[in-house]
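Remarks on the structure that follows.
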Amino acid sequence: MRLYYTDHFELPLPPTHRFPMDKYRRLRRHVATSDAHRNDVLLVPPAATDDQLRLCHDTNYIARVAEGSLSTPEIRRIGFPWSPKMVQRSRRSTGATIAASRSALADGIAANLAGGTHHAFADAGEGYCVFNDAAVAIRTLQSESLIKRACVIDLDVHQGNGTASILAADASAITMSMHGAKNFPLRKVPSDLDVPLDDGTDDDAYLEKLSQALGTLDRWRADGEFDLAIYLAGADPYVGDRLGRMRLSKSGLAERDRAVLQWCTDRTIPVAIAMSGGYAPDIDEIVSIHAATLQIASGLAAGR
């Protein structure tokens with residue numbers, strides 16, 4: 001399995017910043033030293049180009065991100081301080097999902113060790129998201145005639161409002177989001193399939209809702225097979241997450257990952273994985289959840 005990393009393109013943050021940026025470096029180091037990934041390949045992706053970004057994002061917005069001319073409210077909405085390194089990291093993270101999607105078409109499964117920037121809109125960033133990696137990846141592969149129809153399976157605990165907005169009313173790109181009904185963002189943008197969950201949802205209730213949602217995606221496949229799935233494997237439904245407000249255990253999250261990845265594998269739908277959110281106070285807890293996702297994916301890729 002090919003895994004794409006961008007953690008060495010550092011995004012400088014103040015020491016008191018709440019985003020756990022170091023999780024990406026720790027995850028890559030875990031993969032590099034794990035026996036579970038001894039046959040997998042770690043790769044550095046190319047940066048997303050302006051042409052690729054323009055498939056989903058407003059030209060003026062892309063230029064203002066690159067130039068550092070975003071307004072103070074726009075920067076506050078993103079949640080990261082602007083710097084040239086922030087721009088490069090955002091391009092690389094988007095490029096990693098594009099690259100993982102290409103690899104998935106060849107190999108069946110691939111992963112971005114970051115990504116899942118589902119709050120980015122066409123003309124604005126939000127919630128630690130500058131460019132929308134899943135939407136850009138789908139549009140890029142469609143523009144190259146590599147795929148016709150794709151789906152986004154978003155299991156971050158926060159609703160994928162930016163992805164839903166960019167891909168709205170498009171039967172060639174189906175969006176599904178399972179998320180906390182009362183969690184961020186306050187204003188949800190309707191996905192093709194939204195599965196709102198109560199605060200405190202546990203493993204059993206979550207997995208039952210997921211099974212139903214995948215059944216709905218199966219029914220939509222009657223309108224045309226999915227040539228690609230992009231799976232946002234958020235670590236933030238975890239019971240120990242400070243922003244998630246769910247009660248999923250690590251074993252429950254692993255069952256979630258198996259269900260989604262096996263669903264794709266059984267239907268021969270290539271799947272690109274993005275790590276998405278995770279905000280447990282102990283960064284190693286986040287890393288262990290993402291690492292379990294990748295180990296399950298690697299096992300499926302190897303036929304284990």
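None of these values were measured; they are calculated from a predicted model. Note: hydrogens, waters and symmetry copies are ignored here, and every other heavy atom, side chains too, is used. Position 1 is the first residue of the sequence, and the numbers go up from there.
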Atom CZ of R54 with >12 non-hydrogen neighbours under 6.0 angstrom: yes
Taken in chain and number order and not counting sequence neighbours, the residues that satisfy side-chain hydrogen bond (donor to acceptor under 3.5 Å, both in side chains) with R92 are none
Measuring from atom CD1 of I269 to atom CG of L105, what distance do you get when rounded to the nearest 0.5 angstrom? 12.0 Å
Under 4.5 Å between any side-chain heavy atoms of Q159 and P185, yes or no? yes
Would you say the side chain of R28 lies within less than 4.5 Å of the side chain of L3, judging by non-hydrogen atoms? no
Heavy-atom closest contact (P12 atom, S83 atom, distance): CD-OG, 3.8 Å
Checking side chain to side chain contact (heavy atoms under 4.5 Å, CB included) for the pair L113/D7: CA distance, chi angles, key distance, verdict? CA-CA 8 Å; L113 300 192; D7 60 273; 5.9 Å; no
Could you state the interatomic distance from CD1 (I174) to CG (D223), rounded to the nearest 0.5 Å? 8.0 Å
Can you find a side-chain donor-acceptor pair between S34 and Q295 that sits under 3.5 Å? no
If you draw a 6.0 Å radius around CD in Q88, do more than 12 non-hydrogen atoms from other residues or ligands fall strictly inside? yes
Of all heavy-atom pairs between A110 and A100, which one has the smallest distance, and what is that distance? CB-O, 3.3 Å
Going by an N to O cut-off under 4.0 Å, is there a salt bridge joining D35 and R38? no
Which residues satisfy the salt bridge (Lys or Arg N to Asp or Glu O under 4.0 Å) test with R25, sequence neighbours excluded? D22
If two hydrophobic side chains count as joined below 4.5 Å and joins carry through other members, does W82 share a cluster with I78? yes
Contact between L167 and D192 at the side-chain level, heavy atoms closer than 4.5 Å - yes or no? no
Can you hop from M176 to V271 via hydrophobic side chains spaced under 4.5 Å? yes
Minimum heavy-atom distance between A301 and I109, given as atom pair plus value: N-CD1, 4.0 Å
Listed once per pair and sorted, the ring-ring contact (aromatic ring centres under 6.0 Å, His included) pairs that draw on residues 128-181, sequence neighbours left out: H17-Y128, F19-Y128, H57-F131, F80-Y128
Could you list the residues that satisfy side-chain contact (heavy atoms from CB on, under 4.5 Å) with S249, not counting sequence neighbours? D203, S251
Is it true that a side-chain atom of D40 and a backbone atom of M1 form a donor plus acceptor pair closer than 3.5 Å? yes
Is there a path from Y206 to L261 through hydrophobic residues (I, L, V, M, F, W, Y) whose side chains come within less than 4.5 Å of each other? yes
Can you list everything that forms a salt bridge (Lys or Arg N to Asp or Glu O under 4.0 Å) with R256? Sequence neighbours excluded, please. none
Beyond-backbone contact of L70 with Y61, side-chain heavy atoms, under 4.5 angstrom: yes
Listed partners of D266 passing side-chain hydrogen bond (donor to acceptor under 3.5 Å, both in side chains), at least two apart: Q262
Could you tell me which residues satisfy salt bridge (Lys or Arg N to Asp or Glu O under 4.0 Å) with R267, sequence neighbours excluded, listed by chain and number? D218
Do T6 side-chain atoms and F9 backbone N/O form a donor-acceptor pair below 3.5 Å? no
Flag the pair E74 and R77 as a salt bridge only when some basic side-chain nitrogen lies within less than 4.0 angstrom of an acidic carboxylate oxygen. no
Do you know the tightest heavy-atom contact between A213 and L193? O-CD2, 3.8 Å
Could you walk me through whether M275 and K23 pass side chain to side chain contact (heavy atoms under 4.5 Å, CB included), step by step? CA-CA 10 Å; M275 295 296 96; K23 67 180 181 178; over 6 Å; no
Side-chain heavy atoms under 4.5 Å apart, restricted to Ile/Leu/Val/Met/Phe/Trp/Tyr: what other residues fall into the cluster of F121, or is it alone? V189
Are any of the side-chain heavy atoms of R29 and R26 separated by less than 4.5 Å? no
When rounded to the nearest 0.5 angstrom, what is the spacing between OG in S298 and NE2 in H37? 5.5 Å
Quiz question: by atom type and distance under 3.5 Å, do the side chains of T94 and R91 form a donor-acceptor pair? no
May I ask you to list the residues sharing a hydrophobic cluster with V41, side-chain cutoff 4.5 Å, ordered by chain and number? Y4, L43
Tell me if a side-chain donor or acceptor on S288 pairs with a main-chain N or O of E285 at a distance below 3.5 Å. yes
Quick check for you: to the nearest 0.5 Å, what is the distance between H290 atom NE2 and D257 atom CG? 10.0 Å
Output yes when D194 and K188 qualify as a salt bridge under the 4.0 Å nitrogen-oxygen rule, no when they do not. no
Pair I153, W263 - check side chain to side chain contact (heavy atoms under 4.5 Å, CB included), show working. CA-CA 11 Å; I153 302 173; W263 183 87; 4.1 Å; yes
If two hydrophobic side chains count as joined below 4.5 Å and joins carry through other members, does L155 share a cluster with V287? yes
Roughly how far, to the nearest 0.5 Å, is the CG atom of D236 from the CG atom of N183? 8.0 Å
What pairs of residues pass the side-chain hydrogen bond (donor to acceptor under 3.5 Å, both in side chains) test when at least one of them lies in residues 110-119, not counting sequence neighbours? T97-N112, T117-D133, H118-D154, H119-N161
Minimum heavy-atom separation for I286 and A235, please, with both atom names. CG2-CB, 4.1 Å
I'd like to know if D123 and R64 make a salt bridge, using a cut-off of under 4.0 Å between side-chain N and carboxylate O. no
If every non-hydrogen atom of P237 is compared with every non-hydrogen atom of M246, which pair is closest and at what distance? O-CB, 3.1 Å
Are any non-hydrogen side-chain atoms of T216 and V195 less than 4.5 angstrom apart? no
Hey, any chance I289 and Y24 share a hydrophobic cluster, counting ILVMFWY side chains that come within less than 4.5 Å of each other, even indirectly? no
Sequence neighbours excluded - salt bridge (charged side-chain N to carboxylate O under 4.0 Å, His left out) pairs with any residue from residues 139-151: R102-E144, R139-D170
Sub-4.5 Å side-chain heavy-atom contact between L55 and V136: no
Going by salt bridge (Lys or Arg N to Asp or Glu O under 4.0 Å), name the residues that satisfy it together with D58, two or more places apart in sequence or in a different chain. none
When you compare the side chain of C56 with that of N132, does any pair of heavy atoms fall below 4.5 Å? no
Quick check: does any side chain N or O of S143 sit under 3.5 Å from a backbone N or O of T140, one acting as donor and the other as acceptor? yes
Check against salt bridge (charged side-chain N to carboxylate O under 4.0 Å, His left out), K182 and D199: CA-CA 7 Å; K182 298 178 181 178; D199 288 357; 5.8 Å; no
Mind checking the SG-CD1 spacing from C151 to I230? Nearest 0.5 Å is all I need. 9.0 Å
